[in-house]
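Read the structure below first, then the notes.
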Amino acid sequence: MKLLFATELTRYARSTYTLTKYVEVGRALGHEVAIFGEQSAEMPSLPCSLDVDKFDFVIFVIHVPSDFPDLPYLARLLDQMPKDRRVIIDCLGRYNETIRVEHDFNHLEKLDGHQGWEWVEGFQAVAGRILQPTLKPLRNDVESFLFHGFDPAAIARPYATATEAAHAWAGNGTSKPYAMAYVGNNWQRWTQVRKLLEEIEPLNGSLGRIALVGWDWARRPEWAAQLGLEAVNVDPVLFGRLGVETREAIPFDKVNKFVGQARFSPVFHRPLFQKLGLVTNRTFETFCADTVPILMLPGDTVREIYGESALPLAPGEQLCDRLGDMMRHPEVYWEAVLKTRVHLAEHHSYERRFEELVKILNA
Amino acid sequence: MKILFFLDKRDNAGSIQAVANYVSAGEEMGITVAVYGGPDENFPRIRFSTDVDAFDYVVFILESRLEWLSGLRLPRVLSSVPRGRRAVLDADGTYNRRVSIEGYDRNHASENDRARWLAYFHELAGKIMQPTFMPIERNVLPVPFYGYDPNARIAPEASPPKRFDIAHVGHNWWRGREVSQNLLPAFEQIRSSVGSIAFVGLWWDSMPPWAAQLGLEAAFCLDHERFRRLKIQVEPPVAFTQVISTMSQARVNIMTQRPVLRHFKLLTSKYFEIFCADTIPLVVLDPDEAEQVYGRAGRELTLNGTMAEKLLDALDRPGTYRDLVAEVRHHLTEHHSYRKRLCHLVEALES
């Protein structure tokens with residue numbers, strides 16, 4: 001099968017990492033995968049094409065309006081690929097009624113100029129089928145397809161046993177520069193990040209360095225203040241108290257390595273994603289890094305996506321105690337990490353995703 | 001007949017005033033005119049519709065930006081309305097070959113920029129229209145588009161109190177050079193004889209923070225210190241529903257146009273709405289061009305070469321100027337009403 005993905009490629013956000021995996025896995029499985037557009041000099045490993053009629057399907061991967069191509073490229077896609085062979089993967093749950101959760105939302109006209117109905121009507125005009133990366137889409141004309149996946153080959157340090165992992169992880173106390181690192185842009189995550197930092201504040205001094213890596217962690221940007229958006233808040237005083245380091249965003253292909261420099265790395269789903277059950281590439285990718293993922297997610301989500309073995313990694317309201325226990329008994333938690341990796345490899349590998357996608361497209 | 005406009009919805013700029021008048025004229029003439037979109041209380045007098053299939057023609061109004069024509073917004077209309085029933089009104093002359101006016105204003109920053117715009121024109125529509133009597137490019141239809149609404153006129157007895165002797169209502173978007181080279185020297189000559197002067201609109205007090213990032217400093221360039229020295233008041237922009245009443249707060253209003261629009265002889269809403277206000281309009285236009293739009297009396301209302309004298313004269317002899325303005329209004333009512341404009345638009349769409 002020949003699949004042409006249409007999206008705006010960026011090295012610092014959205015689904016670029018996932019698409020690199022579809023290219024790799026597609027090739028290995030005997031398919032052809034390309035990204036619609038001129039060849040990107042920034043990402044030479046991602047093959048690009050404008051020859052729409054050479055492909056069987058066009059798959060739009062949509063987070064923001066600019067993921068749809070501009071004219072004349074958009075017209076080429078619409079003219080040369082029949083609608084029943086155009087599919088949208090709706091990564092942010094745009095194809096729903098307008099939903100607000102805390103400060104989070106799936107539509108906001110003042111941010112991108114589009115009202116809620118435009119997302120629904122726009123999607124219906126573009127594609128014959130709409131997929132969402134959730135197990136439970138709200139609309140009955142949406143199909144479930146998790147899209148993102150787990151690549152066992154990307155595991156930075158594959159350990160044979162939890163004992164080996166715990167030993168390497170503990171090192172001599174200086175093996176990892178950070179106690180905790182979160183890589184992700186400051187967009188709709190502040191409520192959870194703040195809660196995490198406040199909870200671990202009693203450990204201050206014994207835990208180690210903490211890093212937040214991504215856009216807009218150093219300060220609330222001017223545009224957010226102008227638009228009255230709370231989604232990009234920060235608290236420099238809290239950062240100062242905890243010695244939190246903020247760093248600029250790093251490209252998608254450097255995330256795994258950076259996260260591995262920390263003993264712990266939290267996994268967050270923004271409030272909207274929690275409500276809709278949406279997963280992201282970070283849902284899976286964190287388990288490739290040489291770190292202990294802390295699943296700051298509802299228990300049901302942990303069970304459904306990661307399996308029962310991952311539950312020790314989900315501290316719920318006991319974060320401080322759990323971190324302490326993790327440091328005292330790392331083997332227990334590395335056992336959970338290794339078992340979860342096996343679960344992810346079995347249920348959420350990119351090979352499996354690709355096959356699911358082909359099945360959906362052929363249905 | 002049903003016509004649906006697609007435009008970048010801005011309540012204090014662009015063609016929204018004209019579109020509101022098309023909606024009203026259409027109601028009088030049995031023609032349904034609407035703007036693509038959901039109901040929006042920020043845009044009174046505008047009828048909105050999302051039912052693209054219910055319209056005979058779609059008219060895209062393109063001004064200075066393309067970003068609002070997102071790939072999310074366009075597929076619905078591109079797939080529902082055949083290209084032959086889609087037209088573009090090119091308000092800023094971006095369809096024309098690249099022109100630079102004295103190295104300052106231009107319709108395109110580069111040939112690449114023009115190519116990007118041409119791709120949009122080609123995909124969006126089979127017909128290109130410009131608000132002018134004389135298009136430069138051969139395949140452009142002349143559709144004056146902007147017009148005069150006598151019902152919008154504010155009579156002296158209904159006019160708000162006069163706060164200013166002289167006002168200029170409009171944004172500082174490529175107008176700084178005209179203002180600096182011609183208007184400010186005129187103000188300097190007559191400042192002691194004139195009361196308050198106001199510029200109403202964006203970017204007269206400072207350059208927007210994003211100007212440098214976009215390489216657009218020249219578009220907002222202005223001698224702000226000279227503004228302060230001349231005690232020129234700068235007031236924030238007003239919504240399209242408030243433009244005429246704001247103009248009516250000044251005894252004299254000045255209309256300037258950005259150089260590239262003057263070069264292409266493109267009309268704008270301002271040409272006409274300034275004559276709806278209870279004020280004496282003085283326009284920075286060539287007399288021949290003024291006569292073409294406003295009739296013979298329009299020549300006498302141009303600020304051309306003798307700005308200082310003309311401004312003082314208008315303030316000193318308002319009665320004489322009011323007679324000229326009345327004559328122009330009569331001409332505009334006869335020749336440039338929105339009823340006529342709508343007929344012209346329908347004719348162009350059906351041609």
Side-chain angles (χ1 to χ4, degrees), chain A residues 6-8 36-38 50 58 60-84 86 88 90 92 94-95 97-98 106-128 130 221-223 225-226, chain B residues 4 6-11 14 35-43 48-54 58 60 62 65-83 86 88 94-95 112-126 202 208-210 213:
Chain A
T7 195
E8 183 182 42
F36 178 67
E38 312 274 0
L50 290 167
V58 169
F60 294 84
V61 179
I62 303 300
H63 312 75
V64 293
S66 59
D67 282 325
F68 287 105
D70 291 335
L71 291 177
Y73 301 106
L74 175 69
R76 190 183 296 206
L77 289 172
L78 300 180
D79 292 345
Q80 296 182 14
M81 185 63 70
K83 189 176 172 188
D84 61 359
R86 302 194 304 251
I88 288 177
D90 174 20
L92 269 64
R94 305 285 200 175
Y95 190 67
E97 296 296 307
T98 297
N106 60 338
H107 311 135
L108 191 66
E109 187 184 8
K110 68 180 173 182
L111 190 64
D112 62 31
H114 295 85
Q115 295 178 348
W117 62 269
E118 286 194 271
W119 287 97
V120 174
E121 294 201 355
F123 276 31
Q124 287 171 343
V126 168
I130 295 160
E222 184 66 22
W223 57 265
Q226 282 171 1
Chain B
L4 185 64
F6 265 62
L7 76 160
D8 186 7
K9 273 188 345 186
R10 291 178 292 166
D11 72 348
V35 170
Y36 181 69
D40 191 332
E41 61 186 20
N42 295 315
F43 294 86
F48 287 98
S49 176
T50 61
D51 190 6
V52 174
D53 307 298
V58 164
F60 294 91
L62 298 192
R65 303 189 299 190
L66 285 174
E67 290 69 22
W68 63 278
L69 283 168
S70 73
L72 173 64
R73 185 166 285 156
L74 282 175
R76 177 90 196 285
V77 65
L78 296 184
S79 57
S80 302
V81 182
R83 190 167 174 269
R86 306 192 305 248
V88 171
T94 44
Y95 187 75
N112 279 346
D113 184 37
R114 180 173 184 247
R116 180 168 173 251
W117 278 82
L118 286 187
Y120 272 77
F121 281 110
H122 177 76
E123 297 294 345
L124 288 178
L202 291 167
W210 40 265
Q213 199 182 350

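Within every chain, numbering begins at 1; the chains are lettered A, B, ... in the order of the sequence lines, protein sequences first and strands thereafter.
- With a 4.5 angstrom heavy-atom cutoff, B:Phe121 does not touch chain A via any of its atoms.
- Counting heavy-atom pairs closer than 4.5 Å to chain A, the top residue among B:Pro209, B:Ala119, B:Gly38 is B:Gly38.
- At least one side-chain heavy atom of B:Pro75 sits under 4.5 Å from a side-chain heavy atom of A:Leu74.
- Across all non-hydrogen atoms, the minimal contact from A:Gly113 to B:Arg73 is O-NH2, 2.6 Å.
- Here the side chains of B:Leu69 and A:Leu71 are not in contact, with every heavy-atom distance at 4.5 Å or above.
- Crowding of A:Gln80 atom CD: a count of heavy atoms from other residues, nucleotides or ligands under 6.0 Å exceeding 12.
- Most heavy-atom pairs under 4.5 Å with chain A, from the set B:Thr50, B:Asp8, B:Leu78: that is B:Thr50.
- For the atom pair CD (B:Glu123) and CG (A:Asp70), the distance works out to 12.0 Å, reported to the nearest 0.5 Å.
- A:Asp112 CG to B:Glu67 CD: the interatomic distance, rounded to the nearest 0.5 Å, is 13.5 Å.
- Of the listed residues (A:His114, A:Gln124, A:Gln115, A:Glu222), the one with the most heavy-atom contacts under 4.5 Å to chain B is A:His114.
- For a residue to count as touching a neighbouring chain, one of its non-hydrogen atoms must lie under 4.5 Å from one of that chain's; by this rule B:Ser80 does not touch chain A.
- Interface residue A:Glu109: only side-chain heavy atoms are found under 4.5 Å from chain B.
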